[in-house]
Amino acid sequence: MGLISLTTFFPVLGIVIILFISKKNLLAIKMVSIVFSFVPLVIASYMWLHYKYPMTGIDLESQFQFVEHFAWIPAFHIDYFVGLDGLSFPMFWLTTLLSFISLVASWNISKAQKGYFALFLLLETSMLGVFVSLDFFLFYVFWELMLLPMYFLIGIWGGPRREYAAIKFFLYTLAGSVLMLLVMLALYFNVKDPVTGSHTFNMLHMMHKSNQSAWLTTFDVRLWLYIALFIGFAIKVPIFPFHTWLPDAHVEAPTAVSVILAGILLKMGTYGLLRISYPIFPDIAKYTSYALAIFGVINILYGAFVAMAQKDLKKMVAYSSVSHMGFVLLGMAVFTTAGINGAVFQMFSHGLITAMLFLLVGVIYDRAHHREIAGFGGLGVRMPVYMGIASLAFFAAMGLPGMTGFIAEVMVFIGAFSVYRVLTIIAAFGIVITAAYMLWTMQRVFLGKLNPKYEHITDINGRELFTLIPLGALTIFFGIYPLPVLNMIKVPLNYLITLIH
Amino acid sequence: MIQLPSFLIISAIVFTLGIFTILYKKNAVGILMGVELILNSVNLNFIAFAKYVDVGINGQLVAIFIIILAASEAAIALAIILSLYRERATIDVTLVDEMKD
Amino acid sequence: MIQIALFIWLLPLAAFVINIFIGKRLPRKGDWVSIAAIGASLVLSSILLFRVITGYNPDFSLHASLHWINLGGFKLDMGFYIDNLAVIMVTMVSLVSFLIHVYSIGYMDGDPLYNRFYAYLSLFSFSMLGLVLWDNLFGIYMMWELVGICSYLLIGFYFTKDSAANAGKKAFIVNRIGDFGFLIGLLVVFNFLGTFNLIDIQQDIGRGLLSGGWLTAAGILLFAGAVGKSAQFPLHVWLPDAMEGPTPVSALIHAATMVAAGVYLMARLSFMLSFDAMMVVAFIGGFTALFAATIAITQNDIKRVLAYSTISQLGYMIMAMGVGAYTAGFFHLITHAMFKAGLFLGSGSVIHAVSHSMKKIGMEGDPNDIRNMGGFKNKMPITHWTFVIYALAISGIPFFSGFLSKDAILGGTLAFAMSQSNPVYYLLPIFGFVAAIITAFYMFRLIIKTFYGKPQLKKLYEHVHESPLTMTVPMMTLAFLCLYFIYTLPSLGPVGAENGWLMHLIQKPFSAVAVQLGRPVYGITPQAEHFAHVNGLIISIVFALTGIVLAFAFYFWKTINVEKFTEKIKPLYTLSLNKYYFDEIYGATFVKGLLVWNQILAWFDQNVIDGLVNLAGRVMRVFSVFDGLFDQYVVDGLVNAVADITLGFGRGIRKIQTGQIQNYILGALLGMVLIIILTMI
Amino acid sequence: MSNLNSLQYFIPELFLIVAILVIIVVDLFLKKNKKIVSAYLAALTLVVTIFLAYQQYGYSPALLFKGMIVLDSFAIFFKIITALSTLIVIFISLPSFRTKAEYYVLLLIVTLGMFLMVEVNNLLMIIISMEMVGLISYVLVGFNKHDLKSSEASLKFMLYGATSTAVMAFGFSYIYGISGHLNLDVIQQSLIINQPQALPLFVAFMMVLAGLGYKIAMVPFHFWVPDVYEGAPTPITAFLSVGPKAAGLALLIRFLITLVAHPSAGNAANFIQNVSIHAPLLLAALAVATMTLGNLSALMQKNIKRMLGYSAIAHVGYMLMALVVFNNQGIIAVMFYIVVYLFMNFGAFCVVESLTDKLGSEKISAYTGLGYRAPFTAIAMAIFMFSLTGLPPFAGFIGKLYLFAAVINQSWYILALIGLLNSVISLYYYATVVKVMFLNRQENAPPLRVALYNKLLIGALLIPTLVLGLYWSPVINFTSRSIGFLFGK
């Protein structure tokens, strides 16, 4: 068993163990799940140390690392084919990190803990699976598998309107993924394995024009397939106007689930576009790039404006995610080195930052039992440490230099400006709006006179700090020294750009 | 000389009568009679075709089998109707609508 | 030297890290860490300055950089570019910063967030020094943002006060608007030149890679950043509010250093300003100089007067950059840093005294209000005398630094106007000279109202006393640095600093634009320059004295009745007192507009986007045969759009399942017939 | 093949007949409290029958009894499936039908009828075998004599079934008239050679389709389904949703081969008989109607059996979708789907059967908080529901995958898209069950004890549902081999 499989399926082992633990033995359940999510993080970090930077990945199996490839269902030409390249590795690592942190942050889950932790581990496995899969079928299975634990995690452990949010999330994403299924099958029947001559689900084979059938090379067909696939991914991102599931899901989901939702799940949409849509349909990607850029700009501004109007702290953060994902889209749409690298770096960066933000919301929700922004006020007096970390996170989200968000956003702007000047200028105005709503929110929560209701509120505790500090530290570390990530992503992404041009 | 179309027309009429019986009789047994009418029209067809199209006894055989089937069907149907009658004291099918959306 | 610069830069960062994490547990709450760090930076930068002065080479420069990001098609290098400008600026920053660190020991004594205050100060010093030292626009932009954040944090330091929190937010957001322009400017530059490095940019522009309209645009966009940071019209509104921060912060950030960053940026970029861009710069600067001065006259908050004064003085500098009086502008930056920091420290000293006194007598009130003061000169001699020196300096009285620099600027603008054919350019010197009178007037109004005359509140006056040594020593140091000879050395002539070390070391860089055009952008003839200098000198002395005399006439001798006079010019007075209603206008238009717009979008999001297909569902309902059923329709937990329709259909379709067996049979038969008919057509 | 020679290929059926008689006789000698033995005997019979049927697997296709019966691997596959479904039903029924030997005997007789249905080659045999299944089914549905719903369901089923069969027989009479033959293979040849008139043939075709459509619950011949499913005893509902349906599908495929096109023709063809009807389009329309109507109607159901009834209609729609392309791939997909469907659908019904007595209701709302009262059963139910929706990694997904693959491979994209969107709709009602079980919680509800026997049975059905979702190579290979048609020459 290779390292990837080990990492991916290690949490499943944890599930098995948890199932055998009595549901009364809470400590054991929690510890097992934390340990079984920590080990993947260790393995993934170890893999990072052994990562070979110059390998391009994208469409050649030989350029992938840690590859495991063997037949799974020969009759349908489905392979168990996993591997990592610079595009997937940061997300892979981030997933292990955020899963671990989320599980630590789930310590206070108050009901049906056994189910919660088991489902969470299942979620981790499915997310990792999405990022490592190079076989479309495998990818799809993991992609869908993710929905089940998510549905339950939101639906059982969520807030008051959890049922609504959970089913909405479920239906929305399923609607998107059935389109993906359609495209997957269409591709399957129109792509030949160059060696055996049979149909194949191998993504990498799909990317080579020589393997595609004549039908698949006609423009209209490609366009429609691309659009169908795009909608599938767009719902996940979420791209305006498919975003309405997101605020609901976030508001109702428990803190740790929000972290995963915003930190990882949203990235899957853009990851899918980069991993699948772009290399398979480079011409269409280019053809539709202007539309994508416009979507990006709409996301940036629309998300920011709507975020500003929110009264619920978590909803505000959720819409800020919509806004920040817009940067990813804009960067992806321009096919310049700076743009696309900035986009992927933004995926990584936003994963860290938004995770912090949601954890912070969780901290305060645990104490105040509400998230009404107007209902706080002056908390900085009683919670100085919390305010400090929250400031860091908010500044990071505002794109303050010295943190990852800044580099990513500026790279996106630089990359985009050379292609779409006006759009970029419009998008750049988002930084003003972002600053406005972030600071306004901070002010309403922390600054001003202390709301007498919270005279006795306690500051952040050690466990919560334990979840936040690594993220904060990484945000700053990669904000100052982004090379470890950038060096990893640049090779495949630059190669991807050459494919598209 | 009676030709094939005559048989077919007769049988079609019987078939139609059967359908209308099924649709308009309130009495379950009446509906069953409608079914029997249809089966008889089927028999008529088979026999006619056996005579005019397929020279052999295939059609006749089918007719005999269908008569037998109709008999057994009637037996079971009457049993069911009887059972229903015991429970509800009616065999008016329009009153049997406890289950619906 | 690069290593020294590196230390200068990083030491405050180290202090910040130490203080933010463990400062609270250190002895004296860690103030010594920050002071030691900035002190060391000061020493190191003095070494640099010493080397530069001894080198005495106007073209001295050092550059070192390394790859920060290298993606193949996209590179970002980071490095230091050290020339005379940077060295002098670094020395100034670390000096003022050091003094203010020391001053804060006394001023911030006993504050519950004492350690955090020092941490922020260190972070600010770090960012500001970085801003000065970086060799590329991108790095400058990063540090630019960082100083903005420090400013935000420090303005909102007393965050339990709503006004402070608001001011911090306002400062940051208004700055962000300027930064938005800055960012776009960066993008333009990078788009055309593929580099952010200042040296490369200069060379590339010289080669004509960026020219014409785009060059002008780039210049103006980058200037937008300066407009925000240096609080120029129309983005000046944040600086007066920023006075909510502790006074040392006002002195350091909002008088001496950060707000001057805009000027510094213009100095750095002077080579890439086309003529049109320069005119935008010059007119905005000149207008701001006058405009802010007129507001300063009527303000009653001691710090607000100084804030508007700062805006006005920054306007001078910006104007100087605009007309190409690069050296003069930078010179004024340095002298202004000294006297304005001093003024703020002095005002801080007064406020400190007043608020302590207020606390003692249990009085509620605004310690900043000069209407409560008066006659403090006896109680606070050191504060008084240093304050007078600063005021003389800012008013442009000979033998003080301000005279030299302001005169250089005014002379420069005059010379520029003379060398242009269009008389509209005479507006610039007129702005400057009128502002000079007003400056002298409001400064002395302030002094008279604070230190002279009868105490307005006897009881308050009783308890006022001089500040401790940690506060007065920095003030005295700064006062010393306002003396003229510091800047004219090695010569001692009091009328001009042309032969002084500073103006020697800071000479106008080779303009890339000029090279590109093959000719000077504007030709200031030596004759014009000489004429302007001499005349400017005379006019500015006369105007400054006029201003002072007027102030005495109004407020000391009371030869002119202030009340009556203000009555006469009531509309103007009200306008000035209310700062021309800029806050109100912005509030009513942009802020309100934005909030309303957000509400609209949020409503749109909830009702339109989410309900779009929902709506479609309702429309379908109208046309639906099963209308009656839909009426009882309740969206059962699922507002989801598609579901609305599908569930609706679901309800409708159920109607055919009547429970009547004959209906079923009929349905099947009709279905069959229907299929036959449909397929046979 | 002559009648005597045929007998050696007719062993499973013969064994079944003998066993039925034996059990009837044995039952007479059993004491009242020992009646359960006949149930065991019935189960044993089925196991042996399956074994015997499997033994026939190697035979080359042959016509038996002078062409009345055809023995090919396709038929054997369906024989095994139908026998298996009966076997499972017997297991599901054991707890509630402990004293009724005749119940098991009737089930065996239905099985015999289904065996015949899947291997007929003769119009008369079709009528006879379908009546055999139908008549016994009416009785089984009404088996709970004193249950009003049960007898009502029985009556409706009987009237509807009798009418449908009669109409179908009328259609057969025309086909006989047009072709002059009764055996399907000969009819096919005759139709190819003689090129008869389109209209009568098509009307006859539709009439037959009405009869077959009633059997497999195809729209618009599905009306009986909800009422009968709701009224019938739960095991019988389960049985109707799988066994006869599978047999009906097999019969439909055979009939379509006769009248429409042979799968070896590759892409689905028009009517061979020069009828200007685009048969695939017709089937596609029926498929879409069936699945959409099934799904939409299921959305609002309160009764779980009724909901599953509609869901069963929807699943027929999915399977019809693959018949649209009517090539080997499509038929394999349908066969594979039936296997998968067998497990997950029986699983769901098995859960319903296990809980109905305990909860005293078949209402979905009665399942509230079940996840906390009977975790294993509830989790199993959730898996069956998600599998029925077609979510990976459960077997239902793989089944659907093959169906959609077959459709997409022939470029029926719109059809596939409609099918996929239908899956999304179906998620809503399946997830409602899950939601009620897990997301809603009854305060202070005591744990619900589900008998170990039921748990084991559910577990036994759960395993294939899970395993086939991850590794289905053996089954797909099995089905691929079973596509050997007699008419493959």
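Computation of the quantities below employed the complete heavy-atom set of this structure, encompassing side-chain atoms and omitting hydrogens, waters and symmetry-equivalent molecules. Proteins get letters first, then strands, A, B, ... in listed order; numbering begins at 1 in each. Please read all numbers here as calculations on a predicted model, not as lab measurements.
Contact annotation for D:Ile128: both backbone and side-chain heavy atoms come within less than 4.5 Å of a heavy atom of chain B. Both the backbone and the side chain of B:Val42 come within less than 4.5 Å of a heavy atom of chain D. Interface remark: B:Ile66 contributes side-chain atoms only to the contact with chain D (heavy atom separation under 4.5 Å). With a threshold of 4.5 angstrom between heavy atoms, B:Ala50 approaches chain D through its backbone and through its side chain. In this structure, chain D has a heavy atom under 4.5 Å from the side chain of B:Ile19, while its backbone stays farther away.
Ranked by heavy-atom pairs shorter than 4.5 Å toward chain D, the options B:Ala48, B:Ala75, B:Gly34, B:Gly59 are led by B:Gly59. Listed options D:Leu159, D:Ile136, D:Leu124 were ranked by heavy-atom pairs under 4.5 angstrom with chain B; first place goes to D:Leu124. In terms of non-hydrogen atom pairs under 4.5 Å with chain D, the most contact-rich of B:Val96, B:Leu39, B:Leu37 is B:Val96. Annotation: maximal heavy-atom pairing with chain D below 4.5 Å, among B:Ile81, B:Leu44, B:Val35, occurs at B:Val35.
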To see if you've got the definition right, give the donor-acceptor pairs under 3.5 angstrom between chain D and chain B.
residue, atom, partner, partner atom, Å
D:His146, ND1, B:Glu87, OE2, 3.2
D:Glu152, OE1, B:Arg88, NH2, 2.9
D:Glu152, OE1, B:Glu98, N, 3.2
D:Glu152, OE2, B:Glu98, N, 3.1
D:Glu152, OE2, B:Met99, N, 3.2
D:Lys156, NZ, B:Met99, O, 3.2
D:Ser173, OG, B:Asn45, ND2, 2.9
D:Tyr176, OH, B:Asp54, OD2, 2.8
D:Tyr176, OH, B:Gly59, N, 3.2
D:Gln301, NE2, B:Asp101, OD1, 3.0
D:Arg306, NE, B:Asp101, OD1, 3.0
D:Tyr310, OH, B:Asp101, OD2, 2.4

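A distance of 12.5 Å separates CD1 in B:Ile38 from CE in D:Met168, rounded to the nearest 0.5 Å. In this structure, D:Phe172 CZ and B:Phe49 CZ are separated by 14.0 Å, a value rounded to the nearest 0.5 Å. In this structure, D:Leu155 CG and B:Ile31 CD1 are separated by 7.5 Å, a value rounded to the nearest 0.5 Å.
The environment of D:Leu21 atom CG is dense: over 12 non-hydrogen atoms of other residues, nucleotides or ligands sit within 6.0 angstrom.
Between B:Val14 and D:Phe170, every side-chain heavy-atom pair lies at or beyond the 4.5 Å cut-off. Side chains of B:Leu32 and D:Met158 form a contact here, defined as non-hydrogen atoms less than 4.5 Å apart.
Among pairs with a residue in residues 189-210 of chain D, none fulfils salt bridge (charged side-chain N to carboxylate O under 4.0 Å, His left out), at least two apart in sequence or across chains.
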Exercise for the section: Assess whether side-chain contact (heavy atoms from CB on, under 4.5 Å) is satisfied between B:Ile76 and D:Val139, documenting all intermediate values. Expected result: CA-CA 8 Å; B:Ile76 287 180; D:Val139 176; 3.8 Å; yes
